[in-house]
Amino acid sequence: MKDTVKDKVTRTAECQGDWLPATPTAEDVMKGEISLVGLPAYQLGKKIKWTASPYRNRSWEYVFQSLRWMGSLVVQYENTGEQRYLDRAVEITKDWVAHNKYGARGTPRTCGRTTRSRCAPSRCSA
């Protein structure tokens, strides 16, 4: 645990994702709830559905998949020494790696159809 205030880790855009609107706090992430790019909170739960696209919003998907929202866990661990924050960050990271294999296709999109399916890039508009 850090002994003095001057030893605390500074919240920076690089590790925290503070440049993103409505970056969730470490406590939000620990509760399994994230609010990204100004959209309503999404319930992650314990087992994260990495194909989730609750708002069909590319910015939300990008931020979600970037894991920048997890930076708050690392900063909180560095500032408090509480292992639970680092443990959750490691758990989320390992789960993301297990569910996002190199070369796999991206998040499902509707591409103008009524059912959700994965789209070929040529069928989706930018």
Side-chain angles (χ1 to χ4, degrees):
M1 190 158 163
K2 303 293 181 185
D3 293 327
T4 65
V5 173
K6 73 175 189 161
D7 290 336
K8 289 199 178 221
V9 174
T10 303
R11 292 169 52 107
T12 66
E14 292 78 21
C15 70
Q16 176 74 17
D18 281 348
W19 57 274
L20 301 168
T23 299
T25 66
E27 290 308 318
D28 292 338
V29 177
M30 293 298 285
K31 288 187 301 188
E33 180 177 290
I34 59 171
S35 179
L36 305 173
V37 298
L39 292 168
Y42 172 71
Q43 298 297 318
L44 289 173
K46 183 73 172 160
K47 292 234 176 211
I48 298 171
K49 182 179 178 186
W50 292 108
T51 57
S53 181
Y55 307 106
R56 302 242 188 342
N57 178 287
R58 288 182 187 211
S59 295
W60 189 95
E61 293 167 6
Y62 173 77
V63 174
F64 178 59
Q65 293 294 329
S66 75
L67 302 183
R68 288 259 186 189
W69 49 271
M70 256 184 23
S72 61
L73 294 173
V74 177
V75 169
Q76 193 70 0
Y77 166 73
E78 288 289 328
N79 286 336
T80 67
E82 290 185 48
Q83 188 65 39
R84 67 188 182 106
Y85 295 110
L86 188 58
D87 291 346
R88 184 62 176 144
V90 169
E91 180 181 35
I92 291 169
T93 303
K94 285 182 177 180
D95 190 58
W96 186 91
V97 169
H99 288 89
N100 290 277
K101 302 295 183 195
Y102 180 77
R105 298 184 81 175
T107 302
R109 297 201 169 279
T110 55
C111 292
R113 295 186 294 271
T114 56
T115 59
R116 289 181 55 128
S117 63
R118 296 190 184 268
C119 305
S122 60
R123 298 199 58 194
C124 292
S125 60

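Values reported hereafter were calculated over all heavy atoms of this structure, with side chains retained and with hydrogens, waters and symmetry mates removed.
Closest heavy-atom contact between A41 and E33: CB-CG, 3.5 Å. The minimum heavy-atom distance linking L36 with P24 is given by the pair CD2-CD, 3.9 Å. The heavy-atom pair separating Y77 from Q83 by the smallest distance is CE1-OE1, 3.8 Å. Pairing each heavy atom of P40 with each of Y55, the nearest pair is O-OH, 2.7 Å. In terms of heavy atoms, S53 sits closest to W60 at CA-CZ3, 4.4 Å. The two residues D95 and I48 come nearest to each other via the heavy atoms OD2-O, 3.9 Å.
Put simply, CH2 on W69 and CG on L44 are 5.0 Å apart, with the number rounded to the nearest 0.5 Å. The CG atom of L86 lies 8.0 Å from the CD atom of E78; values are rounded to the nearest 0.5 Å. Taking OH of Y85 as the start and CD of E27 as the end, the distance is 3.5 Å to the nearest 0.5 Å. Taking CD from E61 and OG1 from T51, the interatomic distance works out to 10.0 Å, rounded to the nearest 0.5 Å. Summarising the geometry, atom OG1 belonging to T25 is positioned 11.5 Å from atom CD1 belonging to I34; distances are rounded to the nearest 0.5 Å.
Between E91 and R88 a salt bridge is recorded (basic side-chain N to carboxylate O distance below 4.0 Å).
Using cut-offs of 30° and 60° on the angle between ring planes, the pair W96 and W50 is perpendicular.
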